[in-house]
Structure formats: structure tokens, C-alpha cells
Amino acid sequence: PVPITADSNALKKLLHEKIEKSDQGKLSLLHRLVLQLEAEELAEGLSKSFDKDRKAGKLSEERFQRVLAHVRTQRPYK
């Protein structure tokens, strides 16, 4: 068992060592895990931003319809 550490430098070193020893299958899995963590962080940030904009009235139905009408005048469907 590896002791759990709160020291970020020690943790980075430990993770690098584990990555170096990992086979292709584990590396692919680790990569997918990192991508998933990044996606969750982005989603959380977007959710907070949307909540803030919604509270500020920036995402009202009226505003959406105005923006949509403007976009349609700029890029009409053919």
C-alpha cells in the first residue's frame, strides 16, 4: 500500500512514477479519466455561469428570441 500524502509535489512524483510503469491499456484508461475530470470541471463552470446569467436576466426567453432573430438576419437559411 502507498501512503496517502497531502504534499502536492510528492503526489506528482508518485503519479509520474506510476504512469512510467503503466502499460498501454492503463495509460489509455488514465487518459480517459483525466479527460472526464476536465469535462466535469468545464461543465461545473458552465453551469455556474449559466446560473449567474439566468439570474441577471441574460437568458430570458425574450432575449433568446431577439438574439435568434438577429442571427437569422445575419445568416438566413437557404
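The model shown is predicted, which means the values in this text are computed figures rather than measured ones. Excluded from the calculations below are hydrogen atoms, water molecules and symmetry mates; all remaining heavy atoms, backbone and side chain alike, are included.
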Practice item. Using the test side-chain contact (heavy atoms from CB on, under 4.5 Å), find all partners of Lys52 that sit at least two apart in sequence or belong to another chain. Key: none
Revision key, fill the gap. With sequence neighbours left out, the residues meeting side-chain hydrogen bond (donor to acceptor under 3.5 Å, both in side chains) with Ser22 are none
Practice item. Determine which pairs satisfy salt bridge (charged side-chain N to carboxylate O under 4.0 Å, His left out) with at least one residue from residues 20-43, sequence neighbours left out, and list them in order. Key: none
Point to revise | Fellow cluster residues of Leu37, listed by chain then number, with links counted only when side-chain atoms sit under 4.5 Å apart | key: none
Review point. Can you name the side-chain contact (heavy atoms from CB on, under 4.5 Å) partners of Ile19, sequence neighbours left out?
Key: Leu27, Leu30
For residues 62-75, which side-chain N or O atoms pair as donor and acceptor with protein atoms under 3.5 Å away, sequence neighbours left out?
unit_1, atom_1, unit_2, atom_2, d
Arg63, NE, Lys58, O, 3.1
Gln65, NE2, Glu61, OE2, 2.8
Thr73, OG1, His70, O, 2.6

Extract all donor-acceptor atom pairs below 3.5 Å that involve side chains of residues 42-51 and protein atoms in other chains or at least two apart in sequence.
unit_1, atom_1, unit_2, atom_2, d
Glu44, OE2, Lys48, NZ, 3.3
Ser49, OG, Gly45, O, 3.1
Asp51, OD1, Arg54, NH1, 2.9

**Study point:** Contacts of Asp53 that satisfy side-chain hydrogen bond (donor to acceptor under 3.5 Å, both in side chains) - sequence neighbours left out
**Key:** none
